[in-house]
Amino acid sequence: NAIVEDTQLIFPLQVGPLANTQDGILDVNPLAAISKNLSSSNIRPLEWGQLNFLHTTDTHGWLPGHLMEPSYSADWGDYISFIRHMRQRADEKGVDILIIDTGDKHDGNGLSDATLPPGYLSQDIFKMADIDLLTLGNHELYRAEIAKQEFDVIAQHYAEKYLVANVDIILDNGTIVPMGRKYRHFQTKNLQLNIMSFGFLYDFFQNAPNTIVTSVVDTVQQDWFQDLLRSREFDIDIFVLVTHIPVRDFPELEVIVNEIRKYYLDTPIQIFGAHTHVRDFTIFDDKAYAIESGRFLETVGWVSVKGLNKTEKDTSIEPLGENQVNSTYNVTRKYIDFNRDSLMFHSNTTSDQFVIPAGAKVSELIHEARELLNLTELYGCIPDSYYTTRAKYPSSQSIFTLIVDKILPLLKSPIEAISARFDNPRMIIVNTGSVRFDLFKGPFTKDTGFLISPFKNDWSFIPDMPVSLAVKLLPILNQDTRTLAELGLHFDQNKQKCHDYYNTIGYSHLGVPTDLHDCELYYNQFMHHDNDEGNDNDGGIDLEMIFEWSKIIPRKFLYTLVSTYRMLSKKSQLSVGYVTIDDFGTEGDDTMHTPLPYYHLPNAVQSIQNFSFEEISRFLEGQKLNYKKVESEIETKAEDEEEPTIDVIFYSFITPFLLSALEELEVREQYADKIQFYGGKSLIGLLQEFVEGGWKFDYCE
Ligand SMILES: O=c1ccn([C@@H]2O[C@H](COP(=O)(O)O)[C@@H](O)[C@H]2O)c(=O)[nH]1
């Protein structure tokens, strides 16, 4: 695509004199100002402390904001304006504020993914934000050129603010250097609080060959970390951990907190987490807390801290003011919906004051970049919405049903010898995690494809696999983690067992990120799970009551209670959105909403073609059962019957998982060598082909 490649020649974008300005205020995103269904009367205010934080994470390139969803319609330029106002408010109050980002800036939006290399424009736009502490995510490490870009552009720009203790990069000359600084010690602007900050990535194993990820367990035993804690060389009022690690269910954060606690028994630790795309807040001990602030720039997390005592050694500062002294340590959190109404409300600005010139410039850059990349080019119109976790799979509203039934059958290999097999029996397996977002009714533009499935993954295949073997693959990939709960293995009592389970199989890394919380049976899933097909927006649930119940009732029973309660409750007038219950309770969301439905998804789905249902049903029967039972079921087939075969096609991303499945079936050696390149369009290309073939309209209703 010439336009995409051309971007390399003309960036950095030059913004001309600001157009459409009124008193220096520019609105380039017409939807950003829309406040349909939004009302500041439903917004809960932020509580300020001595030290305050704004947190973004897992933005995945959504710097233009959500053009179809008013609740999240602010853009990165608005965030830049917001940061400026909040810093000013902090100064006025004589307190401090730190701006944090915890990684995953790629894969999810045309702005980041339509360039070569991906991130070519978006990284330069991202870095216009004045961020105090940041780290990288796994999406900065999947591809070698992106890891290099992260190192060259982001790590160099933010310098001492860019922290990651457990990732190294191998430079072109073979030298191994750390991706970022391992720690940062500094004093805050107004209260001169002593901050010790570390950056960490979870134990990620799918990183590109030019990078090295060291496990968290090993990193905290390294000399530099141990010496730093042991030496007490620095005054430390609070540890601030900027991590791309989930705040629940994953073991890494506990490892870090435990190690710090060996030396600092009660120094506050504030953690910023990431990766599983949820709003969540967890308590590690009475002075160690962690927040995770959602995904896709839908959420800005807020944390405030009071009751910090200056370390004794430091006598250089004034005593803390009346409002800032609090002998008991106190932390608050909020999840801010990313729209201008919320941002103006919290920054106490009017629409005339909100947009600052630097923010307007960034909004303009985003707009120009989108134009340049043709992201608004219309390919067709989607007649109905199709959902990821908001609809049951399979169902008519599930995007995965659409993919299995209509999209995957379009896959063709560009290699002649392989495409000749197009009419042979074939099974196409794709991981649900490769689909990132819902497909909303309305225009399908070039951008939409990137929102749904940004990955340029290749297809691989194993030709002519016996059907009895092939049908066992999906059940293994989808091993049902929820059986843990059914066995009564509640996370709190069986944490290690749960983590061992994940660590051994690793299959959950195929599914949608929010489902990674299966260990905990994440609260929201009780809230959002419906028994029917569609979007049941019942509201009016007494969240406080459910929170109290959750302390005494096993969660599997709680689920039934909540479902019943929801059915009995009245329809709510609130707009749909996030309704979060975390370790602090039910008041976390800045805007009150009626909850969205939430359905668990399998890790992977498959589409089967050119095979009659009668013929395959006997072989497929085992799929409904636990994978361990499949073998015996399959063995019931007649001994002397000739075994039909099928081509097994899969996203190359899932190859390691497929190899593990083959190993579990004790046929890895036999089939690993048979894996071949299949080629063909990835999901984004197939989706576009389908839309242009079936839903090509010149206009959308
Ligand atoms: O090439 C790729 C890379 C990733 N995936 C899927 O994404 C998740 C990870 O996404 P997070 O936002 O970091 O949670 C991974 O588990 C895969 O499901 C992919 O399909 N292809």
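Atoms considered below: every heavy atom in the structure, side chains included; atoms not considered: hydrogens, waters and symmetry mates. When a ligand or atom number is given, it counts from 1 through the structure's own listing order. We number each residue from 1, following the sequence as shown.
Residue contact check: H60 has heavy atoms under 4.0 Å from atoms 12 (O) of ligand 1. Of all atoms in ligand 1, listed by their number and element, those nearer than 4.0 Å to a heavy atom of Y142 are 3 (C), 4 (C), 9 (C), 15 (C). Contact atoms of ligand 1 toward R436: 7 (O), 8 (C), 9 (C), 10 (O), 11 (P), 12 (O) (distance under 4.0 Å to a heavy atom of the residue). Atoms of ligand 1 found under 4.0 Å from any heavy atom of S434 (numbered from 1 in listed order, with element): 20 (O).
Contact annotation for D107 and ligand 1: no heavy atom of the residue comes within less than 4.0 Å of the ligand. With a heavy-atom cut-off of 4.0 Å, Y651 does not touch ligand 1 at all. Residue N431 touches ligand 1 through its side chain alone, judged by heavy-atom distances below 4.0 Å. No part of Q206 comes within 4.0 Å of ligand 1, judged by heavy-atom distances. Of all the heavy atoms of H139, the ones lying under 4.0 Å from any atom of ligand 1 belong exclusively to the side chain.
For D107 and Y142, the side-chain atoms include no donor-acceptor pair closer than 3.5 Å. E150 and Y162 share a side-chain donor-acceptor pair at under 3.5 Å.
A donor-acceptor pair under 3.5 Å links the side-chain atoms of H244 to the main chain of T102, judged by distance alone. Looking only at distances, no side-chain donor or acceptor of N166 sits under 3.5 Å from a matching main-chain atom of V213. Panel note: side chain D78, backbone D75; a donor-acceptor pair is recorded below 3.5 Å.
Within the set I654, N457, L683, the minimum heavy-atom distance to atom 1 (O) of ligand 1 is found for N457.
The salt bridge (Lys or Arg N to Asp or Glu O under 4.0 Å) analysis of residues 647-662, with sequence neighbours excluded, yields the pairs R421-D647.
Relative ring orientation between F437 and F440 is described as perpendicular, the plane-to-plane angle rising above 60° on a 0-90° scale split at 30° and 60°.
Geometrically, ligand 1 and D58 share no nitrogen or oxygen pair separated by less than 3.5 Å. Residue H277 has at least one nitrogen or oxygen atom sitting less than 3.5 Å from a nitrogen or oxygen atom of ligand 1, judged on distance alone.
Every residue two or more places apart in sequence or in another chain that forms a side-chain contact (heavy atoms from CB on, under 4.5 Å) with V257 is listed here: R261, I269, I271, F284, D285, A288.
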